[in-house]
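Encoded as structure tokens, the structure appears first; notes follow it.
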Amino acid sequence: MVDVSQSKTGPETTSPSTQSAGARAVPADLAAEAQRAFEAVRAAYLAGRTRPLAWRTTQLRGIEALVREGEAELLAAMAEDFGKPRVEAWLADLAPVAAEAAHVRRRLPRWVRPRPAWPGKANLPGWAFSVPEPLGAVLVLSPWNYPVQLALNPVVAAVAAGNAVVLKPSELTPATSAALARLVPRYLDPEAVRVVEGGVEVASALLAQPFDHVFFTGSTRVGRVVMEAASRHLASVTLELGGKSPVLVARDADLEVAARRVAWGKLLNAGQTCIAPDYALVERAVLPAFVEHLVTAMGQLQGPDPAAGATRIVNDRHLERLAGLLASAGGTVVVGGEVDRARRLVAPTVVLDPDPGSPLMEEEIFGPILPVLGVADLEEAVAFVRARPKPLALYLFTNDRRVEQRVLEATTSGGVCVNHTMVHFLAPELPFGGVGASGIGAYHGRAGFEELSHRRSVVRRPTRPDLPLTYPPFDDRKERWLRRLL
């Protein structure tokens with residue numbers, strides 16, 4: 001079996017020493033549970049239960065009802081797991097799921113239609129079209145940082161495409177995992193959509209099953225393990241990973257607005273967001289002013305009592321990791337830096353000009369710490385970004401369209417926001433996903449439907465005419481005619 005930890009960040013949530021297939025033995029009872037879950041949803045799929053449009057629409061309505069009617073239970077669970085404030089949890093975890101399910105449901109009848117295509121001269125007279133069909137049984141391994149949204153949005157894509165699903169929520173948010181295990185069977189078809197709870201051993205047992213597709217959200221390291229496991233069954237994968245999403249601030253930017261939006265993106269969910277701004281590269285001409293605005297904005301966003309209603313760091317392990325990143329960063333702590341171990345809080349922190357080779361600048365931070373580095377110009381910033389793995393998101397603040405075009409052409413990332421952070425995630429018809437080390441595949445809206453479908457190509461030919469010209473044996477006359485026709 002494989003050792004698969006569901007951290008959303010680079011560091012482990014379990015022992016990092018076991019990384020290869022076969023290294024972790026899975027207890028027989030867990031292996032049997034995983035096999036039963038797989039066989040149940042696979043049987044539902046093979047019976048044709050999940051294919052009708054009516055079934056898909058019913059599941060999407062069920063997901064909308066789940067987050068609406070189960071709101072109080074889910075919000076309480078997230079508060080218990082890591083202190084997510086009520087409004088923030090609703091805004092970031094529940095509202096996006098309801099919006100995604102409704103958006104997909106309304107458009108699904110158009111998406112499932114055959115798509116005509118030019119058959120080519122060789123197939124005339126004839127017709128060509130493609131039909132989206134389900135992949136089959138889909139495994140969704142979801143993370144802890146947005147434990148409802150990142151569990152259910154992949155399910156939206158999967159059921160819209162007509163698949164059966166096994167969902168394993170993260171063990172690091174046990175109250176939310178238990179709430180999903182209670183709610184999903186009430187609102188979705190329990191024969192075709194199942195929740196299996198558990199930790200690393202359960203995930204490993206599920207990955208040993210021959211699912212048709214695996215949808216994983218988590219760290220790049222674990223993404224490699226998931227992809228290796230899926231390859232044994234030649235299963236396709238969607239890997240929503242992470243990385244270090246940079247912010248580039250040009251000298252012509254509105255610095256006050258830029259600082260406020262960067263601070264908002266960094267502090268949401270205590271920085272535990274895969275597309276949170278991870279570091280900022282600021283032209284030195286405006287560096288002091290930007291840092292001043294950034295410190296002000298962080299203070300304003302915290303309110304008069306910073307600890308009241310603050311999202312906690314998910315566990316002690318991650319808290320100590322963040323403390324270690326700060327201790328080894330170098331540079332100057334401009335604001336923050338305090339670590340409250342009793343309440344698992346890290347104060348919003350700005351580190352000015354840290355050591356570029358420090359762990360703070362090499363690991364995904366996943367906490368409320370923002371390194372800010374001065375650069376001579378945006379060309380230096382672009383070179384800095386290009387020298388590192390391709391990020392999940394890139395944020396640029398400028399009012400010059402020529403600068404915008406230059407940065408877009410010179411860099412690669414999963415997504416981009418110009419003059420804001422993270423809001424590209426909310427665009428329902430923009431594909432969301434990474435590139436290279438930050439992920440494989442994309443979802444949201446139609447992109448998710450296509451990602452979890454196989455587009456089957458069909459050519460239909462009439463039986464007449466049936467030209468002898470196209471059949472052997474070939475002679476010079478036939479060849480001349482074929483060359484004219486084709």
Main-chain N/O of [Y] paired with [X] side-chain donor or acceptor, under 3.5 Å:
| X | Y | result |
| --- | --- | --- |
| Thr349 | Gly336 | no |
| Asp212 | Val138 | no |
| Arg344 | Val314 | yes |
| Asp355 | Ala329 | no |
| Asn163 | Ala137 | no |
| Ser231 | Glu228 | yes |
| Ser219 | Val222 | yes |
| Lys266 | Leu370 | no |
| His233 | Ala208 | yes |
| Ser177 | Thr173 | no |

List the atom of [X], the atom of [Y], and the distance in Å for their closest heavy-atom pair.
| X | Y | answer |
| --- | --- | --- |
| Val237 | Ala230 | CG1-CB, 3.5 Å |
| Ala31 | Gln209 | O-NE2, 4.2 Å |
| Leu75 | Leu94 | CD2-CD1, 3.9 Å |
| Lys84 | Pro147 | NZ-CD, 4.3 Å |
| Gln59 | Asp189 | OE1-N, 2.8 Å |
| Thr50 | Gly162 | OG1-O, 2.5 Å |

I'd like to know whether the aromatic ring centres of Phe215 and Tyr443 sit less than 6.0 Å apart in this structure. yes
Taking NZ, NE, NH1 and NH2 as the nitrogens, is one of them in [X] or [Y] under 4.0 Å from a carboxylate oxygen of the other?
| X | Y | result |
| --- | --- | --- |
| Arg107 | Glu429 | no |
| Arg186 | Glu69 | no |
| Lys168 | Glu197 | no |

Under 3.5 Å side-chain donor-acceptor pair for [X] and [Y]:
| X | Y | answer |
| --- | --- | --- |
| Arg455 | Ser130 | yes |
| Glu451 | His213 | no |
| Tyr146 | Thr273 | yes |

Does any part of the side chain of [Y], heavy atoms only, come nearer than 4.5 Å to the side chain of [X], both counted from C-beta?
| X | Y | answer |
| --- | --- | --- |
| Thr217 | Leu141 | no |
| Val165 | Val159 | yes |
| Pro134 | Tyr45 | yes |
| Tyr395 | Leu248 | no |
| Arg105 | Glu100 | no |
| Arg232 | Leu207 | no |
| Glu171 | Val200 | yes |
| Leu167 | Val193 | no |

Walk me through it: do Trp111 and Val104 pass the test side-chain contact (heavy atoms from CB on, under 4.5 Å)? CA-CA 9 Å; Trp111 296 348; Val104 171; 3.8 Å; yes
One should read off an interatomic distance between Glu362 CD and Leu325 CG, to the nearest 0.5 angstrom, of 11.0 Å
If you look only at pairs with a residue in residues 414-442, which of them pass as a ring-ring contact (aromatic ring centres under 6.0 Å, His included), with sequence neighbours excluded? Trp264-His420, Phe425-Phe432, Phe425-His444, Phe432-His444
What ring-ring contact (aromatic ring centres under 6.0 Å, His included) pairs are there with at least one residue in residues 160-211, not counting sequence neighbours?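 Sorted pair list: Phe38-Phe211.
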One pair to check against side-chain hydrogen bond (donor to acceptor under 3.5 Å, both in side chains): Ser245 and Asp278. What are the steps and the verdict? CA-CA 5 Å; Ser245 297; Asp278 203 89; over 6 Å; no
